[in-house]
Amino acid sequence: SQKIEQNSEALNIQEGKTATLTCNYTNYSPAYLQWYRQDPGRGPVFLLLIRENEKEKRKERLKVTFDTTLKQSLFHITASQPADSATYLCALHNNNDMRFGAGTRLTVKP
Amino acid sequence: EPEVTQTPSHQVTQMGQEVILRCVPISNHLYFYWYRQILGQKVEFLVSFYNNEISEKSEIFDDQFSVERPDGSNFTLKIRSTKLEDSAMYFCAGSGTAQETQYFGPGTRLLVL
């Protein structure tokens, strides 16, 4: 069966450090993968999209990698700030739908 | 910047009642979606809608659910006879021609008693 697994439910790091979140998937062949941020009680907000033929994508302090051989994406936040505290979701497109991982709750402590 | 809006923000209903959740997507979007998120759980895909018909639906989207876009602006999700387990946050989303990035609304929190 198809699965999307995000490495941990929660990740706590110190302000200024780099946060690294993992998304692994099985039985998918996605054309692209996305990362979203979700704050409590709010809808997901798009952050980055990476296509299957791209190895890495950057946007300001965010970096995403995509390894279709390992079936894994890594999401990095450099120079993390308390305002980065949120749940981060990876999402895969599968035909006409999008399936989300369970998310990793990131807490950045000052 | 245009936003997806959803009404109501909260709805409380009795088990067995019908509910209609409403969404106004961004005006130039062509693809529309409903998701639900049970408290503390992951965001789950329900249905996608394009060109006035359902293009994909999940195993959650059974005969109790229906969607329509009656007037070219509103996009609605109807639950015919609500069950306790339908209690969740329901998110509407839309995307443009690229069908890639989805823009989510703020959600409707549904509580079935």
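Since the structure is predicted, the reported quantities are computational estimates derived from the model, not experimental observations.
Counting heavy atoms from C-beta outward, A:M98 and B:S48 have side chains that stay 4.5 Å or more apart.
Note on B:L110 and B:F65: same hydrophobic cluster, where clusters join Ile, Leu, Val, Met, Phe, Trp and Tyr whose side-chain heavy atoms are under 4.5 Å apart, directly or indirectly. Placement of A:L74 and A:V108 in two distinct hydrophobic clusters is found when ILVMFWY residues are connected by side-chain heavy-atom separations under 4.5 Å, directly or transitively. B:L84 is connected to B:L21 through a chain of hydrophobic side-chain contacts under 4.5 Å among Ile, Leu, Val, Met, Phe, Trp and Tyr, so both are in one cluster. Using a 4.5 Å cut-off between side-chain heavy atoms of Ile, Leu, Val, Met, Phe, Trp and Tyr, with links allowed through other members, B:F104 and B:L30 fall into the same hydrophobic cluster. Follow the hydrophobic side-chain contacts under 4.5 Å out from A:I13 and you reach A:V64 in the same cluster.
For A:D84, the salt bridge (charged side-chain N to carboxylate O under 4.0 Å, His left out) partners are A:R61, not counting sequence neighbours.
Near-neighbour residues of residues 35-50 of chain A relative to chain B, defined by a heavy atom under 4.5 Å from a heavy atom of that chain, comprise A:Y36, A:Q38, A:G41, A:R42, A:G43, A:P44, A:F46, A:L49.
Of the two parts of A:R105, neither the backbone nor the side chain holds a non-hydrogen atom closer than 4.5 Å to a non-hydrogen atom of chain B. Neither the backbone nor the side chain of B:Y50 comes within less than 4.5 Å of any heavy atom in chain A.
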Q. Please walk me through it: do A:F100 and B:F45 pass side-chain contact (heavy atoms from CB on, under 4.5 Å)?
A. CA-CA 8 Å; A:F100 283 89; B:F45 169 78; over 6 Å; no
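The neighbour count for B:Y90 OH, taken as heavy atoms of other residues, nucleotides or ligands under 6.0 Å away, is above 12. Atom NZ of A:K57 sits in a crowded spot, with more than 12 heavy atoms from other residues, nucleotides or ligands closer than 6.0 Å. Under a cut-off of 6.0 angstrom, the local environment of CD in B:E85 is crowded, with over 12 non-hydrogen atoms contributed by other residues, nucleotides or ligands.
Smallest separation of non-hydrogen atoms from A:G101 and B:K42: O-CB, 3.8 Å.
Contact count versus chain A (heavy atoms, under 4.5 Å) is highest, among B:Q6, B:M89, B:Q37, for B:Q37.
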